[in-house]
Amino acid sequence: MQERTNVGQRVTGPWRIFVINPGSTSTKVSLFEKGACVFDTDVFHDSPTLRALGTINDQLDYRMEVLDDFLATNGIDLTGVNAVVGRGGGCYPVESGIYAIDDRLVADTRACKGGLYHASMLGVQMAQRVHERYSGIALMVNPPIVDELCDEARITGVRGVYRKAVSHALNLKAVARHHCEEQGISYQDHNFIVCHIDGGISITAHRHGHMVDGNDAGGGEGPFTPTRMGSMAVTDVLHYLYGKKPEEIQALCSQAGGLSSWFGTSNSDQVHALVEAGDPLAARVWSAMVYQTCKWIASMAAVLEGRVDAILLTGGLLRFDDVVQGVRDRCGWIAPIYVYPGEFEQQAMAQAACDVLSGAVEPRVYPGAPVWQGFAEN
């Protein structure tokens, strides 16, 4: 079974809310007014261009220029905006929820205290700059380092080294909750495999409202993607990466791996055009990306002991029918598959701001320490 459903652009509340969402290959900004998205743009940045700027923190001024151009081009004055929401990332791992952006959160994000080196770390930095310029509350919602892992998922074969929870948590949680609302069921009472398939790929197991396992999407684990190298044997990693600079290795995990390594670009439309034109290399690599995605989906079925109520697919690469068909062919036996094309992070962040502005939710204070701090026997 497969259903295609689009989540609307409306949110509840009369406020003006500005949303900033830096991704590995784009900066997306949206303005919500009186419950509707009135401006929305997604500017693509080819990964070689971003790498030339230096570190991700070094991209801050460039990304702010993109933002300023958007505001000027569309004649948008943010004076009096009620809330600015930035996608978070890179700070210490936290519980899921809404957080007030403060100096400690920004500093820990810039310092990659949580070990996530990804463009999302620019979200809170950009939101703070906009907040300082235009006022309004500044918030972070379900950053990529949301940590709800079960104990078994943390352990590796090296004592003292633990797996990290890094995923597109914002979109994954938003799609899971939307699916449950649409079906009239409770997120806390069901099990799902939820997959974000785009420039990065997150494949996660959700048990009764908690994201208990998944690939470390920011650390290069899982299927390779348009920008990330994916899992490789340690011996192959040592052979290929030995002697390379740390920045080169990090780039392969987050920007220069995957399709970018194979074709010199992370632009999926360009690579898929080669597939459609019959290019044998492009067809083989693209097929392998889908194949590896399916392998990781099946592994999450084992995490949930086969009790999977649905597989939920979301993300930009679902615009290609062969991606959806590939998952359906290889994983349709696990559970019903529901397809939510695109991503719904902007709406989720805007709705979170509405919940805070209405008084329904009190934003959390960033604790400045990881939510999980080891096992007692450490």
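Values below: all heavy atoms of this structure, side chains included; hydrogens, waters and symmetry mates excluded. When a residue number appears, it is its place in the shown sequence, counting from 1. Not measured: the values here are computed from a predicted model.
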Looking at E345 and K28, is there a salt bridge between them, counting it only when a charged N and a carboxylate O are closer than 4.0 Å? no

If hydrophobic clusters are built from ILVMFWY residues whose side chains come within less than 4.5 Å, do M300 and L149 share one? no

Checking D147 now: which residues fulfil side-chain hydrogen bond (donor to acceptor under 3.5 Å, both in side chains) with it, not counting sequence neighbours? R154

Do M126 and P22 come within less than 4.5 Å of each other through their side chains, counting heavy atoms only? yes

Judged by modelled atom types alone, do T55 and N57 share a side-chain donor-acceptor pair under 3.5 Å? no

Check: T79 main-chain N/O paired with D77 side-chain donor or acceptor under 3.5 Å: yes

Non-hydrogen atoms of E148 and G209 that approach each other most closely: OE1-O, 4.2 Å

Do H168 and S202 have a side chain donor and acceptor closer than 3.5 Å? yes

State whether the side chain of S358 and the backbone N or O of D355 hold a donor-acceptor pair below 3.5 Å, judged by distance alone. yes

Under 3.5 Å donor-acceptor, T156 side chain and Y162 backbone: no

Note, Y340 side chain near E182 side chain (heavy atom, < 4.5 Å): yes

For the hydrophobic clusters of this structure (ILVMFWY residues joined by side-chain heavy atoms under 4.5 Å, transitively), does one cluster hold both I145 and M211? no

Euclidean distance, H178 NE2 relative to Q351 CD, rounded to 0.5 Å: 13.0 Å

Non-hydrogen atoms of A83 and A353 that approach each other most closely: CB-CB, 3.9 Å

Distance, nearest 0.5 Å, that separates OG1 of T227 from CG of N267: 12.5 Å

Evaluate the side-chain proximity of C180 to I185: yes if any heavy-atom separation is below 4.5 Å, no if none is. yes

Taking every non-hydrogen atom, the tightest pair across C195 and I193: SG-CG2, 4.0 Å

Could you report the tightest heavy-atom contact between Y92 and P370, atom names first, then the distance? CD2-CD, 3.6 Å

For D213 and A205, indicate whether the former's side chain and the latter's backbone hold a donor-acceptor pair under 3.5 Å. no

Polar side chain donor-acceptor pair, H118 to R228, under 3.5 angstrom: yes

Close aromatic pair by centroid cut-off 6.0 Å: W262 and F224: no

Would you say that E33 contacts F39 through its side chain, given a criterion of any heavy-atom pair below 4.5 Å between the two side chains? no

To the nearest 0.5 Å, what is the distance between CG (D69) and CG (N74)? 10.5 Å

Quick one: are P143 and V124 in side-chain contact, heavy atoms under 4.5 Å? no

Q59 vs I56, test: side-chain contact (heavy atoms from CB on, under 4.5 Å). Steps then yes/no. CA-CA 5 Å; Q59 297 176 21; I56 288 176; 4.0 Å; yes

Are M121 and C112 close enough that some pair of their side-chain heavy atoms sits under 4.5 Å apart? yes

Aromatic plane relationship, Y187 with F192 - under 30° parallel, 30 to 60° tilted, over 60° perpendicular: parallel

Return the SG to CZ distance between C91 and R104, rounded to the nearest 0.5 Å. 11.0 Å

Output the distance between atom CG (N21) and atom CG (D40), rounded to the nearest 0.5 Å. 10.0 Å

Locate the shortest heavy-atom distance separating G368 from D108; write the atom from each residue and the value. CA-OD2, 4.0 Å

Is the backbone N or O of I17 less than 3.5 Å from a side-chain atom of N82, with the two atoms forming a donor-acceptor pair by type? no

For F320 and W286, run ring-ring contact (aromatic ring centres under 6.0 Å, His included): C-alpha distance rounded to whole Å, both residues' side-chain angles, the deciding distance at 0.1 Å, then the answer. CA-CA 11 Å; F320 302 113; W286 187 272; 5.2 Å; yes

Which heavy atom in N171 sits nearest to a heavy atom in G342, and how many Å separate them? ND2-O, 4.2 Å

Check the pair Y99 / V94 against side-chain contact (heavy atoms from CB on, under 4.5 Å), numbers first and verdict last. CA-CA 10 Å; Y99 291 81; V94 296; 3.4 Å; yes

Residue pair E221, W296: steps toward the side-chain contact (heavy atoms from CB on, under 4.5 Å) verdict: CA-CA 10 Å; E221 186 185 35; W296 274 84; 3.8 Å; yes

Between Q125 and T109, do the side chains contain an N or O donor and an N or O acceptor separated by less than 3.5 Å? no

Run the salt-bridge test on E247 and K245 with the 4.0 Å N-O cut-off and return the result as yes or no. no

Say whether, by atom type as modelled, one donor and one acceptor occur between the side chain of R163 and the main chain of A153 under 3.5 angstrom. yes

T204 side-chain N/O to V194 backbone N/O, donor-acceptor pair under 3.5 Å: yes

Just by modelled atom types, is the G199 backbone N or O under 3.5 Å from a matching donor or acceptor in the T225 side chain? yes

What is the distance from atom SG of C294 to atom CD1 of I334, rounded to the nearest 0.5 Å? 8.5 Å

Shared ILVMFWY cluster between Y117 and M229, side chains joined below 4.5 angstrom? no

Assess the pair W15 and F18: is the distance between their ring centroids shorter than 6.0 Å? no

Tell me whether the count of non-hydrogen atoms from other residues, nucleotides or ligands lying under 6.0 Å of CZ in R364 goes above 12. yes

Between R328 and D321 (salt bridge meaning N to carboxylate O under 4.0 Å), is one present in this structure? no

Determine yes or no for a side-chain-to-main-chain donor-acceptor pair under 3.5 angstrom, with N215 supplying the side chain and I201 the backbone. yes

A side-chain contact here means heavy atoms from C-beta on lying under 4.5 Å apart; do V271 and V285 qualify? no

Are L170 and V85 linked, directly or through intermediate hydrophobic residues, by side-chain heavy-atom contacts shorter than 4.5 Å (ILVMFWY only)? yes

Cluster overlap L60 with L116, hydrophobic side-chain contacts below 4.5 Å: no

Can you check whether L318 reaches V323 side chain to side chain, under 4.5 Å on heavy atoms? yes

side-chain contact (heavy atoms from CB on, under 4.5 Å) for H179 and Y338? Distances and angles first, verdict last. CA-CA 9 Å; H179 173 79; Y338 294 80; 3.6 Å; yes

Say whether, by atom type as modelled, one donor and one acceptor occur between the side chain of D198 and the main chain of G200 under 3.5 angstrom. no

